[in-house]
Protein chains: 2
Amino acid sequence: MKQTGDLHLMKRINKSIVMELIRHESPISRASIAEKTGLTKATVSSLVSELIESRLVDEIGAGESRGGRKPMLLLFNRTAGYAIGVDLGVTYITAVMTDLNGEIVNEVKIQHDNPPRDELIAELTRCIRELAERVPESAYGVVGIGIGIPGFADEEGNVLFAPNLGWEHVPLQRMLEDEFGIPVVIDNEANAGAVGEKEFGAGTRWPSLVYVSISAGIGTGIIIKEELYRGMSGFSGEIGHVSIQHDGKPCRCGNAGCWELYASEKALLDEAKEVYGQPRMKVDQLIRLAEEGDAKALALFDRLGRYLGIGIVNIINAFNPPAIIIGGRLAQAEAWLKQPLLEVVERRSLPYPRAQLEVQFSELGVRSTVLGACSFAISKFFSSTKVSVE
Amino acid sequence: MKQTGDLHLMKRINKSIVMELIRHESPISRASIAEKTGLTKATVSSLVSELIESRLVDEIGAGESRGGRKPMLLLFNRTAGYAIGVDLGVTYITAVMTDLNGEIVNEVKIQHDNPPRDELIAELTRCIRELAERVPESAYGVVGIGIGIPGFADEEGNVLFAPNLGWEHVPLQRMLEDEFGIPVVIDNEANAGAVGEKEFGAGTRWPSLVYVSISAGIGTGIIIKEELYRGMSGFSGEIGHVSIQHDGKPCRCGNAGCWELYASEKALLDEAKEVYGQPRMKVDQLIRLAEEGDAKALALFDRLGRYLGIGIVNIINAFNPPAIIIGGRLAQAEAWLKQPLLEVVERRSLPYPRAQLEVQFSELGVRSTVLGACSFAISKFFSSTKVSVE
DNA sequence: GAAAGTTTGTAAATTGATTAAACAAACAAA
DNA sequence: TTTGTTTGTTTAATCAATTTACAAACTTTC
């Protein structure tokens, strides 16, 4: 049944509102909080003193007077605790520790060759432990762990299906919570990337956005009104498998003409093999060639940009998001992709949705997933107090 | 700023929870409400007596004892007020009056030939007035008016753009509220249809669904977690203009190979013109031919069903909804469309999203939009008390 | 530089909706 | 007839917010 209203809930609501305001607009005075929230000064005073007592907020001295008594400024204590975020890739593990504002304080990276499940989990655990052992002295220590995985997870943090790891039904959240004794959140890498860009990167300006991650395949994370959209049972959309050519190349997914057959790293490298007649080219190599002005490479990126544009037009027409953020490994080819991509978007998308739309490339680069994972952990930490009412 | 918590909010939350429970599970006793909500019996008693006073709830006598005192059963008073819903079509207006449960008590239909704006609004006003004048004696009378329009509206009920009516920037909500003095809600016809099927039709079982309306073109309404998804600035998705063939037929929207070029009434009739060599065939005529076993007609519907399937696979892969409801005028050809459609879905969609998905045809037929419009009005009436907390 | 007016933040009294506890009424089962 | 259960109300206690009042600190104005 729904949450009912009582005094306890009321206080949680207000405390959460005050906390959010201090987190995002500090330094700020009690009077200013009262004005912005509509709460009385007395209530704000009382809630703030509890937040100070719980070490999440500090007083940092007086600010400028506006014609009366000087305000006492409050600051969010971003070092009251730390979060660990992990990008669990198919060939690598990246793990970072951030403060409660998402500022990185430590980082661990390893390569792996996709060993058996338990070995990989052991590697993962080692990475996390290494960071956890170096956590700075603080009120709450490590407040939680977030993991971005190349696959699907359900709400209980079970990895349902991660084809490129060869995993199916792995209760990763439970395993890690047993190991470390702190809250763990598991989600898809594109979802994590979307949250990363939304919180700390190119997407902070919009309440809703679609993040498109272009690496080996195409992944997407959709944020609607500040909240990650998850499809039924934890599977969010797989826009990479939307067909842009219904009678096109068959895809292993069962469909034909899937977008990611035309606009992914794999598509690019397959094309490159044809064009250059060399078997194993890499993206870095193509970027270097493009930098040198190599016509073939430039043509390849131009073509890729156009195909990206075609799928992005579909996203625009279907979702009408205020912003689209392009990330993933191929986002580093922004210089050559952006122009053809925008040209296709300009020409083909519906005028009304397009009017206020912005297409941006990732600001966090390879770190969007890890930082999103940290954000999961931080959000969970604050969600104990966070409640929303509309 | 966000809503803050105070005693008034607390009461609104609880009253709304109790009201919702009585609306959807009546007859129900106070004790049972207390048990299901977690509120104390005292609180429930107090709230219920206020609801009874406001005429929204009635006591209807004692129920069966479960080994003690007999419970007094409470009933939602669905005739405490009435809602008016309108389907404003390009060639017709359908308006209905329902009780607060969405049961139709009166209906008005007229045809029109798309006259100038002010004349059509006058027609619309006449339809509404005709219903409003016949409202049964009740506590609240007409509680609101909902309108489904063939175009886009913003949150303030301005019709931003309705190409087939030739309207742009019409403040319809304000005009009607000035005229009738009660709350008015304006939204897209597909959004209304989605809500109609969700509340009263084929979609009651799911918290989220995608409604696909196939008439002249293709419209869609997306409901996520009991809530209608609207894109930025009131434009929701136009999935009809997702391309299924990036190098296909050019569409007037600027894109190429749009789904609705292959899978709409217009597409069907264009094909029919080719096949039969007759210029102006109608859908009803084709359905009659199909009923008679006409091979050409059967082939046309089969082809249409497959193209519908292709777009629906895209919806499944992109949104992963638990249910897809197919409505609009062509939904009446379910008998011939369903088979080829499901066959394509079965063959082409990703196994994971598909696993628990259901594809259903409309239960309300031509009435999904009007009933959805009524639901808008009813929801607005109850939203004065309705608050959700998570 | 004194008076007047502002702004900040705290303190005390009041309000009001919920909970907890007690209870009366109505009923079934032993 | 007794016992125990269920329903719904009454009463007192609780507690977080509001209202009101006020002290402290500061700027502006004359």
Side-chain angles (χ1 to χ4, degrees), chain A residues 1-19 21-22 26-53 57-74 385 387 389, chain B residues 1-19 21-22 26-53 57-74 385 387 389:
Chain A
M1 192 56 213
K2 271 183 200 166
Q3 165 84 56
T4 56
D6 60 10
L7 288 172
H8 187 225
L9 173 75
M10 207 160 107
K11 186 162 188 175
R12 265 172 58 213
I13 290 172
N14 291 337
K15 205 166 176 178
S16 131
I17 289 174
V18 171
M19 187 69 236
L21 206 59
I22 296 175
S26 69
I28 189 172
S29 70
R30 291 169 175 83
S32 171
I33 293 172
E35 197 187 353
K36 290 197 180 189
T37 58
L39 294 167
T40 60
K41 290 184 293 178
T43 304
V44 172
S45 264
S46 146
L47 293 174
V48 164
S49 70
E50 286 185 34
L51 289 171
I52 289 175
E53 201 159 332
V57 171
D58 287 331
E59 290 186 330
I60 53 158
E64 285 295 292
S65 162
R66 293 191 303 169
R69 175 174 161 181
K70 281 184 182 168
M72 174 58 70
L73 294 182
L74 303 167
T385 56
V387 178
V389 180
Chain B
M1 191 58 210
K2 270 184 199 163
Q3 166 83 58
T4 55
D6 60 9
L7 288 173
H8 188 223
L9 173 75
M10 204 160 110
K11 185 163 188 174
R12 265 172 59 214
I13 291 172
N14 290 336
K15 205 165 177 178
S16 134
I17 288 174
V18 171
M19 186 70 235
L21 206 59
I22 296 175
S26 68
I28 188 170
S29 69
R30 290 170 176 82
S32 171
I33 293 172
E35 197 187 353
K36 290 197 180 189
T37 57
L39 295 166
T40 61
K41 291 183 293 178
T43 304
V44 172
S45 266
S46 146
L47 294 173
V48 163
S49 70
E50 287 186 32
L51 289 171
I52 287 174
E53 203 160 330
V57 171
D58 287 331
E59 290 187 329
I60 53 158
E64 284 295 293
S65 163
R66 291 192 303 171
R69 173 174 162 183
K70 284 182 181 168
M72 174 59 70
L73 294 182
L74 303 167
T385 56
V387 178
V389 180

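Just so it is clear, the values below take in all heavy atoms, side chains as well, and ignore hydrogens, waters and symmetry mates. If you're wondering where the values come from, they're calculated on a predicted model, not measured in any experiment.
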Non-hydrogen side-chain atoms of [X] and [Y] separated by less than 4.5 Å:
{"X": "L21(B)", "Y": "I28(B)", "value": "yes"}
{"X": "L39(A)", "Y": "I33(A)", "value": "no"}
{"X": "L74(B)", "Y": "P27(B)", "value": "no"}
{"X": "M19(A)", "Y": "L51(A)", "value": "yes"}

request  = Could you tell me, to 10°, how much the axis swings from one end of the helix from dG1(C)-dC30(D) to dA30(C)-dT1(D) to the other, five pairs per end?
outcome  = 0°
ask   = Are the side chain of D6(B) and the backbone N or O of H8(B) linked by a donor-acceptor pair below 3.5 Å?
value = yes
Can you give me the N/O atom pairs linking the protein to nucleotides 3-6 of chain C at distances under 3.5 Å, or say none if there are none?
from: dG5(C); atom 1: N2; to: G67(A); atom 2: O; distance (Å): 3.4
from: dT6(C); atom 1: O2; to: G67(A); atom 2: O; distance (Å): 3.4

Length of the CG-P vector between L73(A) and dC26(D), whole Å = 13 Å
Just the atom pairs and distances: protein N or O near nucleotides 16-19 of chain D's N or O, under 3.5 Å.
from: dA17(D); atom 1: OP1; to: N14(A); atom 2: ND2; distance (Å): 3.0
from: dT18(D); atom 1: OP2; to: T40(A); atom 2: N; distance (Å): 3.4
from: dT18(D); atom 1: OP2; to: T40(A); atom 2: OG1; distance (Å): 3.1
from: dT18(D); atom 1: OP2; to: T43(A); atom 2: OG1; distance (Å): 2.8

Acceptor/donor pairs from residues 41-48 of chain A side chains to any protein atom, 3.5 angstrom cut, sequence neighbours excluded:
from: T43(A); atom 1: OG1; to: T40(A); atom 2: OG1; distance (Å): 2.8

task = Answer yes when E50(A) and K15(A) have at least one side-chain N-carboxylate O distance shorter than 4.0 Å, and no when they do not.
result = yes
query = Can you name the side-chain contact (heavy atoms from CB on, under 4.5 Å) partners of S29(B), sequence neighbours left out?
reply = A31(B), S32(B), P71(B), L73(B)
key: Test side-chain hydrogen bond (donor to acceptor under 3.5 Å, both in side chains) applied to E59(B) - qualifying residues, sequence neighbours left out   = R30(B)
